[in-house]
Amino acid sequence: MALALAGCGGEVLDAFLSLPPTEGAATVVVGVTEGGTTRVYVGDLTSDEGLTLPLGVRSADDSPVGLAYFARTVAQAGLTPGWQLAAEPGIAAPALAEGEDAVLGAPSAVFETDLLADPPGWLRVERLAAEVSTFRPANVDYVCPVFGPPVLNEELPLATSWGVALSPSVVLLGTPSYEYVRVSRDGTIEPFSPDRLYTAGVQVDGRLYVGTASGEVLRGLPDPESVVRDEAPVGATLHVPVVSLAVGADDDIFAFLSDRSVRHFDGVAWSEWGRAADIAGSIAWIAPGEAVITSNTLEIVYHAAQGSLQVERVVGAGVLRVAHVPDVGTLGGTSEGDVLRRDEGVWRVLGSLLPEWWVLDILPQADGALLLSANGPVGRYTVARGICPELFRARVGMRGRLIPVGDEVLVVELLASQLETALVWLPAL
């Protein structure tokens, strides 16, 4: 499919913009603002007639043309092919659909015109243009879910910095000074003395990967008593304390070390891919052979790929946490309260959890991700619904983690004193 933007009355072609196909999408919604009037067109890509837009000649100074692909067919949505409505921008319009249950749902892909490109083309974006979103069919009524009463709600006189589940009812928490506690679902919180100085841990597909102060990386099965059962070393000892780990597979493991180096294990040996200029302490696997490392420097993150470490720019905010969410992509939480998605090295805003409050952590889920804000709320992002800002309100924290424990979640927050940690064990949502 392609969209030609031409002048009225047979004038010369102003721009020809080819549209990237989106698999399974049969409905396209195009929004255009001209002379203070907004026009929205709905086309059926399965029809022979296609979609013809009678637009005037456009320049790069004009508002971009917004376009969204929707996976649901026109027939399923009950839309009239070629439907058109004109109204002032921002004024609520009736639903495009015919029928009470005819709803388009979430877009499969969203684009805007880029008339400055040579040749002019479509730029993929994350937000629907106002022209399109104003005239989308009204969503069915949706009430954000909320967590039930916490299973556990306590404070610890320790400044914990990391944690990992050792069973569906036990979590190990550690501090920078190598103090450890085991937190149980029944409310038991007890000091713990493991046989190694563990510094990081992550559980992937039921297997536990841990790093130590001496630079070891071990893998095995999580165990509440021994931490790692049937442990095996991952390559040779790195001889530098492990700050954080990110695992894609047994032959695709990243370690961020206290000397700021990023190491990668390919199933045979560790190799160094570069060194960051500062230590932020969060590394996330995002794709086979790729990882992102957060930075304490505003507006940058580090991208590890193909054996090297490169700086990526993030305009306007510091990225505090990164997580890869299957079927969604790589998400980032910022110091401005925004949730970003990375698309081929470009970070775009999906929405805000709470403006100007840090997004401390992102926990991937099957349909999106849970989000932790510095002022306490646990929210959620899904592709279909966007952001629900408050599923539960915890305490105000300086740093924090959302630790998955089976289908439940342990919220761990370093409090403002930076000497105490708040623990909130939330039941399954």
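Position 1 is the first residue of the sequence, and the numbers go up from there.
- Identified under the salt bridge (charged side-chain N to carboxylate O under 4.0 Å, His left out) test for residues 191-203, with sequence neighbours left out: Arg196-Glu216, Arg196-Glu231.
- A salt bridge does not link Arg395 with Glu420: every distance from a Lys NZ or Arg NE/NH1/NH2 to an Asp or Glu carboxylate oxygen is 4.0 Å or more.
- Scanning both residues, Gln203 and Val164, for their nearest heavy atoms gives N-CG2, 4.1 Å.
- Classification of Asp250 and Arg219 as a salt-bridged pair holds, one side-chain N sitting under 4.0 Å from a carboxylate O.
- Taking Pro377 as the reference, Leu354, Ser373, Asn375, Glu390, Arg393 meet the side chain to side chain contact (heavy atoms under 4.5 Å, CB included) condition, with sequence neighbours excluded.
- Taking the side chain as every heavy atom from C-beta outward, Tyr302 and Ser295 approach each other to under 4.5 Å.
- Side chains of Val227 and Leu208 form a contact here, defined as non-hydrogen atoms less than 4.5 Å apart.
- Across all non-hydrogen atoms, the minimal contact from Ala369 to Val325 is CB-CG2, 4.1 Å.
- In this view, Phe265 and Trp270 satisfy the ring-ring contact (aromatic ring centres under 6.0 Å, His included) rule, not counting sequence neighbours.
- The CD1 atom of Ile283 lies 6.5 Å from the CZ atom of Phe254; values are rounded to the nearest 0.5 Å.
- In this structure, the side chain of Thr297 does not engage the main chain of Ile300 through any donor-acceptor pair within 3.5 Å.
- Proximity of a side-chain donor or acceptor of Ser244 to a complementary backbone N or O of Phe256 within less than 3.5 Å is not detected.
- The two residues Arg380 and Pro145 have their closest heavy-atom pair at NH2-CG, 3.3 Å.
- Using modelled atom types, no side-chain atom of Asp343 and backbone atom of Val346 make a donor-acceptor pair closer than 3.5 Å.
- Side-chain contact between Val409 and Leu363 is present, with heavy atoms from C-beta onward closer than 4.5 Å.
- With sequence neighbours excluded, the residues that form a side-chain hydrogen bond (donor to acceptor under 3.5 Å, both in side chains) with Glu272 are Arg275.
- With sequence neighbours left out, Ser177 forms a side chain to side chain contact (heavy atoms under 4.5 Å, CB included) with Thr175, Glu179.
- Electrostatic pairing of Arg399 and Asp361 does not count as a salt bridge here, judged by no charged N lying under 4.0 Å from a carboxylate O.
- In this structure, the separation between CG on Asp114 and CZ on Arg124 is 15.5 Å, given to the nearest 0.5 Å.
- Listed for the Ser169 side chain is no donor-acceptor partner under 3.5 Å among the backbone atoms of Ser184.
- Partners of Glu312 by side-chain hydrogen bond (donor to acceptor under 3.5 Å, both in side chains), not counting sequence neighbours, listed by chain and number: Arg342, Trp347.
- The number of heavy-atom neighbours closer than 6.0 Å to CD of Glu190, taken from other residues, nucleotides and ligands shown, is above 12.
- Between Arg185 and Glu408 a salt bridge is recorded (basic side-chain N to carboxylate O distance below 4.0 Å).
- Annotation: Glu155, atom CD; neighbour count of heavy atoms from other residues, nucleotides and ligands within 6.0 Å is above 12.
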